[in-house]
Amino acid sequence: MTPARKRKITILVFSMSVLFLAAALVLYALRQNISLFYTPSQAVMGEAPQNHNIRVGGMVEKGSIVRSQKSLEVEFKITDFNKTLTVTYTGILPDLFREEQGVVAEGKLLNNRHFQASQVLAKHDANYMPPEVKAALSKKVNS
């Protein structure tokens with residue numbers, strides 16, 4: 001093998017290894033920041049991972065909102081009309097948050113019945129519902 005060919009192969013192998021390392025680091029970083037969407041039924045049935053950032057969406061169950069008198073902690077239940085999940089959130093809820101409205105809560109599933117939310121998003125007008133929630137709810141109603 002000629003020295004020129006050897007040098008080209010060395011440069012090619014080095015470049016490919018640097019490219020592979022960069023791609024691996026990007027994929028590793030994205031894996032930790034991905035927040036997948038689950039319905040309350042999927043969370044209760046054990047399909048959602050525990051202690052990972054996920055999003056859970058559904059409708060706030062009527063009569064389920066319990067506000068703490070001493071802090072900003074709120075507990076409420078969300079449902080997909082099949083299963084119900086209890087959500088605990090500490091902070092100020094969106095102005096449009098109320099019973100029988102669609103919400104998406106982002107946080108961690110503590111067990112199959114309890115979810116600790118770090119952020120709660122509420123719908124912003126009478127016609128809007130997050131696409132994931134709308135698809136999940138229409139799938140449950142149609143089946």
Side-chain angles (χ1 to χ4, degrees), residues 4-143:
R5 179 176 252 186
K6 208 181 240 188
R7 188 178 67 234
K8 286 180 184 178
I9 289 175
T10 304
I11 290 172
L12 181 65
V13 168
F14 178 74
S15 299
M16 293 299 281
S17 62
V18 168
L19 210 59
F20 175 76
L21 181 64
L25 289 173
V26 167
L27 290 175
Y28 180 73
L30 288 176
R31 182 181 66 88
Q32 290 183 340
N33 293 325
I34 289 177
S35 180
L36 299 175
F37 177 82
Y38 293 94
T39 64
S41 291
Q42 290 173 316
V44 170
M45 305 269 284
E47 297 174 22
Q50 292 185 6
N51 296 318
H52 284 272
N53 275 342
I54 62 170
R55 284 185 273 162
V56 177
M59 304 297 279
V60 178
E61 205 172 72
K62 187 172 185 169
S64 70
I65 300 173
V66 178
R67 297 177 191 271
S68 170
Q69 298 295 326
K70 298 179 182 179
S71 67
L72 291 176
E73 188 171 309
V74 179
E75 186 174 287
F76 58 94
K77 294 181 181 182
I78 57 173
T79 182
D80 58 2
F81 305 113
N82 188 15
K83 302 277 186 192
T84 301
L85 184 67
T86 301
V87 177
T88 305
Y89 175 69
T90 302
I92 298 173
L93 289 167
D95 290 338
L96 297 176
F97 177 87
R98 60 185 177 270
E99 296 174 348
E100 298 182 331
Q101 295 294 318
V103 296
V104 173
E106 187 171 338
K108 294 183 181 192
L109 188 63
L110 303 176
N111 58 45
N112 289 0
R113 295 278 181 192
H114 295 90
F115 185 80
Q116 179 65 47
S118 58
Q119 183 177 20
V120 175
L121 306 170
K123 69 182 204 171
H124 70 277
D125 71 12
N127 299 319
Y128 176 77
M129 183 176 294
E132 298 99 340
V133 174
K134 189 173 185 178
L137 290 176
S138 68
K139 190 168 107 177
K140 295 293 179 193
V141 171
N142 293 334
S143 52

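In terms of heavy atoms, Ala48 sits closest to Ala43 at CB-CA, 4.0 Å. Between Ile78 and Gly58, the shortest heavy-atom distance links the atoms CD1-N, 4.4 Å. Of all non-hydrogen atoms in Val56 and Phe37, the two that sit nearest each other are C-CE1, 4.1 Å. Taking every heavy atom of both residues into account, Pro49 and His52 meet most closely at CB-CD2, 3.9 Å. In this structure, Gly57 and Pro40 approach most closely via the heavy-atom pair O-CD, 3.1 Å. The heavy-atom pair separating Gln50 from Leu110 by the smallest distance is OE1-O, 3.5 Å.
The CG atom of Asn111 lies 8.5 Å from the CG atom of Leu85; values are rounded to the nearest 0.5 Å. In this structure, the separation between CG on Leu19 and CZ on Phe14 is 11.5 Å, given to the nearest 0.5 Å. Atom-to-atom distance recorded for Arg5:CZ and Thr10:OG1 is 12.5 Å, nearest 0.5 angstrom. Atoms CG and CG, from Leu109 and Asn53 in turn, are 11.5 Å apart once rounded to the nearest 0.5 Å.
Residue Asp95 places its CG atom among 12 or fewer non-hydrogen atoms of other residues, nucleotides or ligands, all under 6.0 Å distant. Environment of CG in Leu21: crowded, with over 12 heavy atoms of neighbouring residues, nucleotides or ligands closer than 6.0 Å.
Checked by atom type and distance alone, the side chain of Thr79 pairs as donor or acceptor with a backbone atom of Lys83 at under 3.5 Å. For the pair Gln101 (side chain) and Arg98 (backbone), a donor-acceptor distance under 3.5 Å is absent. Glu99 places a side-chain N or O within donor-acceptor distance of the main-chain N or O of Gly63, the cut-off being under 3.5 Å.
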Could you go through the side chain to side chain contact (heavy atoms under 4.5 Å, CB included) check for Gln42 and Ile54 one step at a time?
-> CA-CA 12 Å; Gln42 290 173 316; Ile54 62 170; over 6 Å; no
Go through the steps to decide whether Val44 and Asn82 satisfy the test side chain to side chain contact (heavy atoms under 4.5 Å, CB included), and finish with yes or no.
-> CA-CA 10 Å; Val44 170; Asn82 188 15; over 6 Å; no
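Residues that satisfy the side-chain contact (heavy atoms from CB on, under 4.5 Å) test with Glu106, not counting sequence neighbours, are Ser35, Arg55, Gln119. Residues meeting the ring-ring contact (aromatic ring centres under 6.0 Å, His included) test with Tyr89, sequence neighbours left out: none. With sequence neighbours left out, the side-chain hydrogen bond (donor to acceptor under 3.5 Å, both in side chains) criterion links Thr86 to no other residue.
Among the candidates Lys77, Arg113, Glu61, the single residue satisfying the side chain to side chain donor-acceptor pair (under 3.5 Å) test with Thr84 is Glu61.
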